[in-house]
Every structure is written in structure tokens, then in C-alpha cells.
Amino acid sequence: MEYRTLGRSGLKVSAISMGTFSFGGVGGFAKVANQDVDEASRLIDCCIDLGVNLFDTANMYSLGRSEEILGDALGTKRNDVLISSKARMRIGDGPNDEGASRYHIIRECERSLKRLKRDHIDIYFLHEWDGLTPLEETLEALHTLREQGKIRYIGCSNYSGWHIMKALQTSESKGLPRFVTQQIHYTLEAREAEYELLPISVDQGLGVMVWSPLAAGLLSGAFGRNKAPDESRQAQGWSEPPIRDKERLWTIIDVLEDIARARNVSVAQVSLAWTLSRPAVATLVVGGLSESQFRDNIASTTLTLTEAELSRLNVASRPAYIYPYWHQHNFAADRLSSADRALHASFDDLGMV
């Protein structure tokens, strides 16, 4: 297993971490899976044996049942690994059962700790932006939790670029805890994060954790132009991630399959290896239904794609060169920083656009 430093912190995380989205199967999460404690224990032990040291969950996954199963399944190992969890999403019908208020964040952290059977959470994420709660209130609540020893590091998830920069500025000006990581959706099919989120991560030292790095299985090798498993979550009505251009998706999969055949590896490994090669990426949060899936996905950490392979994947998948980036490409190419190039490097083969 490869271990990477998480942003500007001193924390080392495994390049593949285990997601627990499939634990519990409560409500709409039954479309994904319904893994109980015994099944979760088996998969967790497999991941630990292969070097995984970070397990990701959230208070809203199966309305807390995911956290309970993770805590039970880890057993005596729960203090030998890292755990990340999240709060912000709606978890009840009350007016304060969602959001990033001091009331909600502190209450949900304490509830998560009880479910996890732990005295602290290693990485605590704000699961989504809350435009109605002042950032000072949210960050002060996280400061309280850190001072009490209930959380160690903080991060954000699903923020836009200006949300992150506003939060970082608030942290600096008020002397409050600073994000060390952001958890985002980022794949060969969904590269929008390259416009702002990856450059910010490089520039501001945020370690990127990628959720659903196989696009809910679409980039796993199970899907193609003429194949789609009947038991998939998409077949059950799951709508994430949204696919706006199916022909582009099939083109990306065609290239993945071609490289996988030539390298004698799985499509999933090629897809994950590409994502691991990207700037600021620290770990990919991978879920799975079997030990074989986890073993295959974790093997991606040993696959190094050639420049030619990376170029083929880039050409098939790169995002549109929107304004102001095409203008920067034409007139500022010799003055771009490493943060700028988290986007612009994908267009080096183009002339003036």
C-alpha cells in the first residue's frame, strides 16, 4: 500500500480508503447494498490486511446505521485505524436536523462518536455547503470539538471554489481551524473539479479525498455501450453521478478497456490509477460488495500508467476549455503556476484556441 500525506497536515493516509456507504441499507440506501456487521467485518479485515488505514462514513448514511456497523465491525481495531465522518445533511424532520449551525454540528458529532464507540473522529467533514449559517459559527463549533479532543482534523465536501476560499479566509482572519482536506467527486467522466477545486487544493494545500472514484460503478468495467448489469444501483433508480453525455462516457470506457486489455489489468484499476495520478489527490474512497472487488481496486496503487496511456485517457475525457481558461491558455501560458496547471496541463497539446 502507498501512503500519502493529507494536504499540509502530517497525517498519512492510504492511497485507497474504504467507504462504508453500503453499510446498513436503510431507506434509499438499500438501492446500494445492505451489508450487516458480519459482512462488513469480513470486508474491513480484508482491507486492513491490504494496508488500508482510513475508513470513511457519515452520520446520514443509512441514518447512522453505517457508523454503528463500522464501530461494531472494527471492534478492538477501531483505535488502530483512522475514521472520517461527516455532518450537515438532513437526518430528521425537525428544523435543526440539518445544516452547519453550532447546535447541529456539535450534536451530530457527539451522536456519531457514540455510534462509532470512539472518543474521537480523525477527520470530520462538513458534508455540504450551508449558505444560511455564518462560517464563523460553523468554524467556531469545529474549534470547540477539536479543543475537546473529539475531532483531530477538519475538511469540507461538495463545496464550490469560492465557498472554500471564503472558509479558508475566515479561518485565517479569526484564528479558527483550517480545512486540511476536501472530499469531492472526481473521475475520468466527471472532471469539473479541475476548473477550481484541484487548483485550490494545490495552491492552498488541501489533500483531496475522492468519493465514488468509479462513478458508482460506471467506470468499473461492468458497464459499456452494450452492457449494464441488472443488479446495479443505476438499474435500481440511483441517479448519481448524473451523466450528461452518454456517448462521451462510452468513448472513455472504450479507451479504458483497450488499455486494460493491453496491460492485462482490470478496467477499474486503470480508472483508479488515472485518478491517483492527478494533482493533490491523497486517497480514493472505494466501496465494494466483495473481497475480490477490494483486492482488485487496491491493486491500482501498483499500476503506473505510461505518458501515452495518460494522454489517450486525457484526450477522451478532458473537460471543455471554458472562459477564462482558454484566454489564459492563449495569453498567459508562460506565467502559469503549478496550481494553474492542475487544469491547463490537460491542454498542452493544443495551439491557440
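Heads up: numbering here begins at 1 and tracks the sequence. Predicted model only: the values in this text are computed from it and were never measured.
Aromatic rings of His120 and Tyr153 (six-membered ring for Trp) have centroids beyond the 6.0 Å cut-off, not under it. Taking the ring centroids of Trp326 and Tyr321, they lie at or beyond the 6.0 Å cut-off. For His329 and Tyr325, the distance between ring centers is not under 6.0 angstrom. Taking the ring centroids of Trp211 and Tyr61, they lie at or beyond the 6.0 Å cut-off. A ring-centre distance under 6.0 Å is found for Phe21 and Phe29.
For the 3.5 Å distance criterion, the side chains of Ser17 and Thr283 qualify, holding a donor opposite an acceptor. When only modelled atom types and interatomic distance are considered, Asp296 and Gln269 share a side-chain donor-acceptor pair under 3.5 Å. Side-chain atoms of Arg278 and Tyr186 include a donor-acceptor pair closer than 3.5 Å. Side-chain contact check for Asp340 and Ser337: at least one donor-acceptor pair (N or O, by modelled atom type) lies under 3.5 Å. With hydrogens and angles left out, the side-chain atoms of Thr301 and Glu2 include no donor and acceptor closer than 3.5 Å. Between the side chains of Thr251 and Asp254, no donor-acceptor pair is found at a separation under 3.5 Å. Counting only N and O atoms by type, the side chains of His163 and Ser160 include a donor and acceptor under 3.5 Å apart. A donor-acceptor contact closer than 3.5 angstrom links the side chains of Asn314 and Arg191.
Of the possible donor and acceptor atoms, none in the side chain of Ser9 sits under 3.5 Å from a partner among the backbone N and O of Thr5. The backbone N or O of Ala308 lies less than 3.5 Å from no partner atom in the side chain of Ser311, so there is not a single donor-acceptor pair. One N or O on the side chain of Ser101 and one on the backbone of His104 form a donor-acceptor pair closer than 3.5 Å. Under the 3.5 Å distance criterion, the side-chain polar atoms of Ser201 are matched with a main-chain donor or acceptor of Leu197.
Closest non-hydrogen pair, Pro213 versus Val286, comes out as CG-CG2, 3.9 Å. Nearest approach of Asn34 to Gly24, heavy atoms of both residues: OD1-O, 2.6 Å. In terms of heavy atoms, Asn330 sits closest to Gly351 at OD1-O, 4.5 Å. Here the shortest heavy-atom pairing between His127 and Asn158 reads O-ND2, 2.9 Å. Scanning both residues, Tyr124 and Ala87, for their nearest heavy atoms gives OH-CB, 3.2 Å. Here the shortest heavy-atom pairing between Val32 and Leu289 reads O-CD2, 4.4 Å.
Screening Asp49, Leu50, Leu43 for a side chain to side chain contact (heavy atoms under 4.5 Å, CB included) with Cys46, the sole residue that qualifies is Leu50. Partner of Glu110 under the salt bridge (charged side-chain N to carboxylate O under 4.0 Å, His left out) criterion, out of Lys150, Arg115, Arg118: Lys150 alone. Considering Ser22, Ser62, Ser66 in turn, Ser22 is the only one that fulfils the side chain to side chain donor-acceptor pair (under 3.5 Å) rule with Gln35.
Note on Leu126: it clusters hydrophobically with Leu135, by side-chain heavy-atom contacts below 4.5 Å among ILVMFWY residues. No continuous path of hydrophobic side-chain contacts links Trp129 to Leu132 [ILVMFWY only; heavy atoms under 4.5 Å]. Both Leu188 and Leu284 sit in one connected hydrophobic cluster of ILVMFWY residues. Membership requires side-chain heavy atoms under 4.5 Å apart, directly or through other members. Following chains of ILVMFWY side-chain contacts shorter than 4.5 Å, one can reach Val81 starting from Met1, so the two form part of one hydrophobic cluster. Hydrophobic clustering, with ILVMFWY side chains joined whenever heavy atoms are under 4.5 angstrom apart, keeps Val13 apart from Ile44.
Tyr195 has its side chain within reach of Pro319: a pair of non-hydrogen atoms, C-beta onward, lies under 4.5 Å apart. Side-chain contact between Val210 and Val285 is absent, with no heavy-atom pair separated by less than 4.5 Å. Put simply, the side chain of Leu219 does not reach to within 4.5 Å of the side chain of Leu272, judged on heavy atoms. Side-chain contact between Ile200 and Met165 is present, with heavy atoms from C-beta onward closer than 4.5 Å. The closest side-chain heavy-atom distance from Arg4 to Lys12 is not below 4.5 Å. Looking at Ser277 and Leu310, their side chains come closer than 4.5 Å, going by heavy atoms from C-beta outward. Looking at heavy atoms from C-beta onward, Gln182 lies out of side-chain contact with Ser157 at the 4.5 angstrom threshold. Counting heavy atoms from C-beta outward, Ser84 and Ile121 have side chains that stay 4.5 Å or more apart.
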Would you sort out whether Glu98 and Arg88 count as a salt bridge (Lys or Arg N to Asp or Glu O under 4.0 Å), showing the intermediate values? CA-CA 5 Å; Glu98 68 171 334; Arg88 153 63 179 91; 3.8 Å; yes
Checking side chain to side chain contact (heavy atoms under 4.5 Å, CB included) for the pair Val270/Val267: CA distance, chi angles, key distance, verdict? CA-CA 5 Å; Val270 177; Val267 167; 5.8 Å; no
Before you tell me yes or no, could you show the steps for Asp130 and Thr133 under side-chain hydrogen bond (donor to acceptor under 3.5 Å, both in side chains), namely the whole-Å CA-CA distance, both residues' side-chain angles and the distance that decides it to 0.1 Å? CA-CA 6 Å; Asp130 179 356; Thr133 301; 2.6 Å; yes
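Rounding to the nearest 0.5 Å places OG1 of Thr181 at 4.5 Å from CG of Leu6. Atoms CZ and CG, from Arg78 and Asp72 in turn, are 7.0 Å apart once rounded to the nearest 0.5 Å. Taking CG from Leu54 and CG from Leu11, the interatomic distance works out to 8.0 Å, rounded to the nearest 0.5 Å. Expressed to the nearest 0.5 Å, how far CD1 of Ile154 lies from CD1 of Ile123 amounts to 11.5 Å. Rounded to the nearest 0.5 Å, atoms CG (Leu74) and CD1 (Ile48) are 6.0 Å apart. Rounded to the nearest 0.5 angstrom, Thr187 OG1 and Leu218 CG are separated by 8.5 Å.
Between Glu189 and Arg248, at least one side-chain nitrogen of the basic residue sits less than 4.0 Å from a carboxylate oxygen of the acidic one, meeting the salt-bridge criterion. Contact check on Glu309 versus Arg312 returns no salt bridge, with no Lys/Arg side-chain nitrogen under 4.0 Å from an Asp/Glu carboxylate oxygen. Salt bridge Asp258/Arg261: present, at least one basic N to carboxylate O contact under 4.0 Å. Electrostatic pairing of Arg341 and Glu194 does not count as a salt bridge here, judged by no charged N lying under 4.0 Å from a carboxylate O. Between Glu192 and Arg244 a salt bridge is recorded (basic side-chain N to carboxylate O distance below 4.0 Å).
Other residues, nucleotides and ligands contribute over 12 non-hydrogen atoms within 6.0 Å of the CG atom of Asn96.
Taking the six-membered ring where the residue is Trp, Phe331 and His327 present tilted rings, their angle falling between 30° and 60°.
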